[in-house]
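The sequence lines fix the lettering, A, B, ..., with proteins before strands; numbering per chain opens at 1.
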There are 2 protein chains.
Amino acid sequence: MTPPAASGRDLPHPVREEIRLESVLHALSDPMRLRIVRELAAEGRELSCSDFALPVTKSTTTHHFRVLRESGVVRQVYRGTAKLNGLRADDLDALFPGLLDRVLEAADRQAGRV
Amino acid sequence: MTPPAASGRDLPHPVREEIRLESVLHALSDPMRLRIVRELAAEGRELSCSDFALPVTKSTTTHHFRVLRESGVVRQVYRGTAKLNGLRADDLDALFPGLLDRVLEAADRQAGRV
DNA sequence: TGCCTCGTACGATAAACCTCGTAGTACGGC
DNA sequence: GCCGTACTACGAGGTTTATCGTACGAGGCA
């Protein structure tokens, strides 16, 4: 297992049991972060931070990714100079079945409603 | 319809179409407010603010109910000296099907996991 | 009328949050 | 070794937030 060690430093992630519902909801309650999560879910694969064309600076982007990581919504792994972000859909679904899907579905609906 | 006019002043509520997913998630991301919503859902009926034994002062309680009302999560109606709070489960379910239920279920699970 | 209860309004405080800019580190390629 | 790319760290500014305390208004009841 453990592919090619992903090269380099590790980032602190909460383990599955440490993920708190309140933190997840808070992480998803910011428009920028919800957008990130939606894109991640739509793409269905890991994306690097720079794949997102967000209307904020890089520092702010870093901040949002950190919130998402610390709340347990995404997993971040260094891969050379890039940092790949993946949705922790498996962990979230194990803890809170169906929650993520409903949020994504709700976001889609709302986006369509505008 | 409109029972006995509920006596007195009205409070500003967002209409169904104005309810924003981000606001709802934000409202639910506070432990005190999530607790209120869970109690409301468990009880299945309208409750007055004083029915909740929250570990905060009355002013703070008022504040949290206001956030819940302005985000569209609860509906508040005056009834004499009391103010009844009801979950807007119908509106939320119409906008974001299944979302509220999953959040409540997730909260139950998490409470049980502790 | 007067009082009690329920809830609001307002002000204050301390913490958290979103945003930015600048400076810095890690990695890969020339 | 040197440079560019990708991201981080730190600090700052301005807004929002959660909390409190005190003072006030509205409604029921004696």
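- Where Asp30(A) and Arg66(B) each meet DNA chain C at their nearest nucleotide, the meeting point lying more 5' is that of Arg66(B).
- For the atom pair Asp51(B) CG and Ile36(B) CD1, the distance stands at 11.5 Å (nearest 0.5 Å).
- Non-hydrogen atoms lying under 4.0 Å from DNA chain C are contributed by Val56(A), Thr57(A), all within residues 44-58 of chain A.
- Per the geometry, CZ belonging to Arg35(B) stands 16 Å off P belonging to dA18(D), to the nearest Å.
- Atoms CG (Leu84(B)) and P (dG7(C)) sit 9 Å apart, rounded to a whole Å.
- No hydrogens or angles considered: nothing links the side chains of Thr62(B) and Ser59(B) as a donor-acceptor pair under 3.5 Å.
- Taking a cutoff of 4.0 Å between a charged side-chain nitrogen and a carboxylate oxygen, Asp108(A) and Arg38(A) qualify as a salt bridge.
- Of the candidate nucleotides dA9(D), dA6(D), dA18(D), dA6(D) has the atom lying nearest to any side-chain atom of Thr81(A).
- An OP1 or OP2 oxygen of dT19(C) is reached within less than 4.0 angstrom by a side-chain nitrogen or oxygen of His64(A).
- Atom pair Leu28(B):CG and dA18(D):P shows a separation of 12 Å (rounding to whole Å applied).
- Computed from coordinates, the Tyr78(A) OH to dT5(D) C1' distance equals 14 Å when rounded to whole Å.
- One atom, CE of Met32(A), and another, P of dT15(D), lie 17 Å apart when rounded to the nearest Å.
- Across the protein-nucleic acid pair, Arg33(B) atom CZ and dT16(D) atom C1' stand 12 Å apart, rounded to whole Å.
- In this structure, the separation between NE2 on His64(A) and SG on Cys49(A) is 12.0 Å, given to the nearest 0.5 Å.
- A salt bridge is defined here as a Lys NZ or Arg NE, NH1 or NH2 lying under 4.0 Å from an Asp or Glu carboxylate O, and Asp30(A) with Arg35(A) fails to meet this definition.
- Taking only side-chain atoms of His63(A), from C-beta outward, the nucleotide of dA9(C), dT17(D), dT19(C) with the closest atom is dT19(C).
- Of the side-chain N and O atoms in Arg79(A), none sit less than 4.0 angstrom from OP1 or OP2 of dA6(D).
- Note that NE2 of His13(B) is 9.5 Å distant from CD of Glu70(B), once rounded to the nearest 0.5 Å.
- Using a 4.0 Å cut-off between charged nitrogen and carboxylate oxygen, Asp91(A) and Arg75(A) count as a salt-bridge pair.
- dC17(C) atom C1' lies 13 Å from atom CD of Glu70(A), rounded to whole Å.
- Counting atom types as modelled, Ser59(A) pairs a side-chain N or O with a base atom of dG21(C) as donor and acceptor under 3.5 Å.
- To the nearest angstrom, P of dA9(C) lies 15 Å from CZ of Phe65(B).
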